[in-house]
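Everything on this sheet refers to the single structure shown next.
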Amino acid sequence: MTDISSDNKTLQHYSVWDRTTRWFHWINVVCVLSLMVIGFVIFNGKVLGVSGDGKILLKTIHVYIGYVFAVNLVWRLIWGFIGNKYARWKAILPAGKGYWCSVKAYLVGAKRGEAPQYLGHNPVGRLMVTFLFLLLTTQAVTGFVLAGTDLYFPPFGNQIAEWVAEEGSTSEDIANLKPGSKEGVSSEAYAEMRSFRKPIITTHMYVFFTLLVAVFLHVVAVIVTEVREGNGLISAMFTGKKVVIKKPVDLDFKAKQRL
């Protein structure tokens, strides 16, 4: 913690976000934005005049970025158990003794222009962050299944290929099935697979639009909080440090801090 005096007030700098949390955040930003842009083009392929081969290429790029996104997400989920005190689930999930009282106190204070200051996520922010994690996890899981149904990619691609392959196909035949091609594919089995895929792609699509709205609201909330509270909320995701004037409500969490 570093103290700096400004206008008769003491600005206190606290180390909050560890390197892993910061790296996760920015890798996630790049992956999600890339996946959204490519996903939008794939979804509107016909309107944009994307060819069949072009669509396969876009889906392939989408899946490879999705793998990076998923690995990054899984590591963050694990880090929620072993990271520093502000990165742990105890400080993120909207639960625990007195949580809803803290939400009320924060909203009342914010309405008066005197919102309690937090080093980690404030009580309302915890709701949004938890919602974002749920959406991201849903996209990763459904994306893995779709990678198999569309491109025969891991982790489920081999099982999907075996499912749709013509009866009597050898392992080599199954391994050589090409995305978008009906050669070596049983029309009946393929129709069954597409029926299985339908609710998954529907979920993936609706979560995509929900995530789009959630990300927009998240960015707006961060900017508004930054302006109102002036606590270096945005810069903290680069430096790891927050700036506060009042004593943070969550300063006394008992957990080992790793920075």
Side-chain angles (χ1 to χ4, degrees), residues 2 13-42 58 60-94 117-122 124-144 147 204 207-244 248 250 255 257-259:
T2 304
H13 293 244
Y14 292 92
S15 293
V16 178
W17 303 124
D18 53 45
R19 286 192 185 93
T20 292
T21 301
R22 300 197 310 269
W23 272 104
F24 158 77
H25 181 271
W26 294 115
I27 291 173
N28 190 61
V29 168
V30 172
C31 286
V32 169
L33 287 177
S34 301
L35 290 168
M36 282 184 168
V37 171
I38 297 172
F40 179 82
V41 175
I42 293 172
L58 286 173
T60 301
I61 296 172
H62 189 80
V63 169
Y64 280 130
I65 296 174
Y67 287 147
V68 177
F69 159 75
V71 169
N72 187 51
L73 178 61
V74 169
W75 176 233
R76 179 63 183 90
L77 296 177
I78 294 172
W79 195 248
F81 297 100
I82 61 177
N84 81 355
K85 56 187 175 182
Y86 303 109
R88 295 198 177 196
W89 295 119
K90 183 178 179 181
I92 295 175
L93 297 177
Q117 293 193 316
Y118 286 80
L119 293 180
H121 298 293
N122 66 54
V124 177
R126 286 164 68 174
L127 285 168
M128 175 56 79
V129 170
T130 299
F131 185 51
L132 285 170
F133 271 121
L134 288 172
L135 293 176
L136 294 173
T137 302
T138 301
Q139 286 300 79
V141 173
T142 55
F144 277 142
H204 199 73
V207 172
F208 163 81
F209 290 116
T210 305
L211 185 59
L212 194 64
V213 174
V215 168
F216 173 77
L217 293 176
H218 174 63
V219 172
V220 170
V222 167
I223 294 173
V224 170
T225 303
E226 175 82 38
V227 172
R228 287 184 175 180
E229 300 180 19
N231 57 1
L233 193 61
I234 296 173
S235 62
M237 269 302 166
F238 292 97
T239 66
K241 296 182 179 181
K242 276 190 177 181
V243 182
V244 299
D250 55 348
Q257 185 170 349
R258 301 182 181 88
L259 294 170

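Values below: every heavy atom of this structure, side chains too, minus hydrogens, waters and symmetry copies. For reference, positions follow the sequence shown, starting with 1. Please read all numbers here as calculations on a predicted model, not as lab measurements.
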Output all residues satisfying side chain to side chain contact (heavy atoms under 4.5 Å, CB included) with [X], sequence neighbours left out; order by chain, then residue number.
| X | answer |
| --- | --- |
| Thr138 | Thr142, Thr203, Val207 |
| Leu58 | Ile38, Val41, Ile42, Val50 |
| Val224 | Val220, Arg228 |
| Phe40 | Asn44 |

Exercise. For the pair Tyr67 and Tyr64, name the ring-plane relationship: parallel under 30°, tilted 30 to 60°, perpendicular over 60°.
Key: perpendicular

Exercise. Would you name the heavy atoms of Met36 and Val215 that are closest together and state the gap between them?
Key: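 Scanning both residues, the minimum pair turns out to be CE-CG2, 4.3 Å.
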
Exercise. May I ask you to check whether over 12 heavy atoms, not counting those of Trp89, lie within 6.0 Å of atom CH2?
Key: yes

Under 3.5 Å donor-acceptor pairs involving side-chain atoms of residues 24-31, not counting sequence neighbours:
| from | atom 1 | to | atom 2 | distance (Å) |
| --- | --- | --- | --- | --- |
| Trp26 | NE1 | Met237 | O | 2.7 |

Practice problem: Output yes when a side-chain donor or acceptor of Arg76 lies under 3.5 Å from a complementary backbone atom of Ala87, and no otherwise. | Solution: yes

Quiz prompt | Sidechain-backbone polar pair: Lys242 side chain, Leu119 backbone, donor-acceptor under 3.5 Å | solution =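 Checked: pair present.
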
Quiz item: Of the options Leu73, Ile78, Leu77, which is the one that meets Trp75 in a side-chain contact (heavy atoms from CB on, under 4.5 Å)?
Solution: Ile78

Exercise. Using the side-chain contact (heavy atoms from CB on, under 4.5 Å) rule, pick out the option among Trp23, Trp79, Tyr86 that qualifies with Asp18.
Key: Trp79

Practice problem: Drop me the distance from Leu132's CG to Thr137's OG1, to the nearest 0.5 angstrom. | Solution: 10.5 Å

Practice problem: Applying ring-ring contact (aromatic ring centres under 6.0 Å, His included), name anything that partners His121, two or more places apart in sequence or on another chain. | Solution: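 ring-ring contact (aromatic ring centres under 6.0 Å, His included) list for His121, sorted by chain: Trp17.
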
